[in-house]
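FYI, side chains are in, hydrogens and waters are out, and symmetry mates aren't considered; it's all heavy atoms of this structure. In what follows, every chain begins at residue 1, and chains take the letters A, B, ... in the order their sequences are listed.
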Number of protein chains: 2
Amino acid sequence: MNMEKTVFQPLYRQTEVLLTQALKAGEWPPGGLIPSEQELALRFGVSQGTIRKAIESLRADKLLVRRQGRGTYVASHREEAAQFRFLKLRPDERPPHALRSEFLDCTRLKAGQDLARALDLQASAVIVRVRRLLWEREQPVVYEEINLPGHRFKGLSAERLSAYQGPLYGLFESEFGVRMVGGEEKLKAVIGPPEICQALRVPAGSPLLYVDRVTVSYDQAPVEARRAHYVTREHHYAARL
Amino acid sequence: MNMEKTVFQPLYRQTEVLLTQALKAGEWPPGGLIPSEQELALRFGVSQGTIRKAIESLRADKLLVRRQGRGTYVASHREEAAQFRFLKLRPDERPPHALRSEFLDCTRLKAGQDLARALDLQASAVIVRVRRLLWEREQPVVYEEINLPGHRFKGLSAERLSAYQGPLYGLFESEFGVRMVGGEEKLKAVIGPPEICQALRVPAGSPLLYVDRVTVSYDQAPVEARRAHYVTREHHYAARL
DNA sequence: TAGTGGTCTAGACCACATA
DNA sequence: ATGTGGTCTAGACCACTAG
């Protein structure tokens, strides 16, 4: 009988969606200040407490950063705190520190079936593929292949990559307006392919940690498919339960 | 309102601590109902809103489960929802399903330096060590060694383990009053040791995913050190960013 | 119908940053 | 001194569950 189920969404969820849309539209730049609770409450026609709950949810998802006395900011990959959120490789003994990036090449090609599925594209769509090594001191520890939808990364080139200082996702957000907000990784232990072992300066046949990442932007839209091999001889992948 | 300047903690944090202590003391059993917000507010002398915030924090940490119209319950490892929180190995293609446990042995020995440090014990303290295989259908996929502080797991034996049906952490919480609430894992890709490859029915020299877990109970006290080898030929370790 | 948690509001006051 | 977010309270009403 009662076929119509109420599609009830609480006000603070609706407000959260509106805020996310504003973020997605780039209404406030990464690292920028968003309006105060009072202003937002007025704009959306809800109480301050409701706005607060919506903001708290976005803060928990690391889309916003709150600073008492100063205001609420759009999270940015350029901040110190965000550096180790996406790279979970840590030295076994020493404290972690930033890795140096060496770009190998940057090419454009057709996505193909697998990547098209991962990135929610047509198999004939063009993607940009970046390959690089990450070095810790004089030892490479990561070899990775980064695949991006071509239409969202138009001017990306080897020169532009090499010229940029800082985390890759920082470049993506400031130069291409694509902000990575989350992702999933699938890990396997594999015997490293010969050419990758060579690039990583480890003996042929060494075990490597294979990491398959799909990174998403606002609304969980996939915008990056990354396949990496980690050297875990003196490092480990850190996960929380 | 007792607010010391130097050690200021908001009221809802203090309330959270009190609730955690009650949980730790076993005032309400796992799976059991805790008092309503009204009762707790009265008991701790704070408003309902403050109690709500404390409970929400514990719910986010998966120590409590709330059900509208019914009440707030102590989280339990026997519930369906908690099954895959600690084992992140998933089949590449098929949907995940519960694994069968085969216990190999259960022995008592001195902790030694490494385990003593991980479990916060004296090196001379006695630990219980359980070794087992986890099977998916007719194929073993996990070999693991589980180390527990002997004084908290007095009657644990091979017979008792084999007799119990369901998740291991369910037995720990109901039989020994030790509830696992979180943990950290360190992952490495390794060449499987011969005896472990043999137990897992994979060729000698196969790459395996080595997982070093430290599991904690209330107040982040370590209560388990687990070393496992995963077969990732048709499975992967799933992680979120 | 009674009791639970879930949502929403309004207002007061505190802590912090900046000018 | 002003404006921001952070905490705490009180009360109203809604949604869900169970007897």
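- Evaluation of the salt bridge (charged side-chain N to carboxylate O under 4.0 Å, His left out) rule for Glu136(B) yields Arg94(B) as partners, not counting sequence neighbours.
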Per-nt protein contacts along nucleotides 2-9 of chain C (heavy atom under 4.0 Å; B base, S backbone sugar-phosphate only, - none) come out as -BBBBBSS
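- The distance from atom CG of Leu33(A) to atom C1' of dT18(C) is 13 Å, rounded to the nearest whole Å.
- Counting non-hydrogen atoms of neighbouring residues, nucleotides and ligands closer than 6.0 angstrom, the NZ atom of Lys186(B) reaches no more than 12 such neighbours.
- Under the rule for a salt bridge (charged side-chain N to carboxylate O under 4.0 Å, His left out), Arg90(B) has no partner lying at least two apart in sequence or in another chain.
- Not less than 6.0 angstrom separates the ring centroid of His77(B) from the ring centroid of Phe172(B).
- In a base pair of the Watson-Crick type (N1 to N3 plus N6-O4 or O6-N4) or a G-U wobble (N1-O2 and O6-N3), with each distance short of 3.5 Å, dC8(C) is matched with dG11(D).
- A cation-pi arrangement, defined by a distance under 6.0 Å to the six-membered ring centre and an angle within 45 degrees of its axis, is present between Lys53(A) and Tyr12(A).
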